[in-house]
Amino acid sequence: MSSPQRNTSPPAGRPAYRTLEGWALGVLIEQRAVTECDHHGHRRDRSDPDAWDRAREEAWRNPFPGSTPEACIAALEDVMQSIGDTCPDC
């Protein structure tokens, strides 16, 4: 008998993101406004204004559940302010 395959998807009732900040980071990554250092894994600001605009538009169109679009854009700005444009370990 083969071992059962692991189910890697989240349980049906569990949201993909638990916090507004986690959601904001996810949007920034999806829109390529931030990237990961290949060597150390730290997040870096790509300084791409088009990606930043896409992230803001996505936040406005599809806000985090239970939040307003304004709060989502503010969360994007807070997350971006906490991310530098260089890796601290490089």
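Quick note: residue numbers are just sequence positions, from 1.
In terms of hydrophobic clustering, with Ile, Leu, Val, Met, Phe, Trp and Tyr side chains grouped at heavy-atom distances under 4.5 Å, Trp23 and Ile29 are assigned to a common cluster.
A search for side chain to side chain contact (heavy atoms under 4.5 Å, CB included) contacts involving Glu30 returns Tyr17, not counting sequence neighbours. With sequence neighbours left out, the salt bridge (Lys or Arg N to Asp or Glu O under 4.0 Å) criterion links Arg44 to no other residue. Glu57 is linked by a salt bridge (Lys or Arg N to Asp or Glu O under 4.0 Å) to nothing, counting only residues two or more places apart in sequence or in another chain. Ala55 is linked by a side chain to side chain contact (heavy atoms under 4.5 Å, CB included) to Val27, Leu28, Gln31, Leu76, counting only residues two or more places apart in sequence or in another chain. Under the rule for a salt bridge (Lys or Arg N to Asp or Glu O under 4.0 Å), Glu21 has no partner lying at least two apart in sequence or in another chain.
Rounding to the nearest 0.5 Å gives a distance of 11.5 Å between CG of Leu20 and CG of Leu25.
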Which donor-acceptor pairs under 3.5 Å do the side chains of residues 80-90 make with protein atoms, sequence neighbours left out?
| residue | atom | partner | partner atom | Å |
| --- | --- | --- | --- | --- |
| Ser82 | OG | Val79 | O | 2.7 |
| Asp89 | OD2 | His42 | NE2 | 2.8 |

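In terms of heavy-atom proximity, Ala33 sits nearest to Asp45 at O-OD1, 3.6 Å. Between Trp60 and Glu70, the closest heavy-atom pair is CH2-OE2, 3.4 Å.
Among residues at least two apart or in separate chains, salt bridge (Lys or Arg N to Asp or Glu O under 4.0 Å) pairs with a member in residues 47-56 are Arg46-Asp48, Arg56-Glu77.
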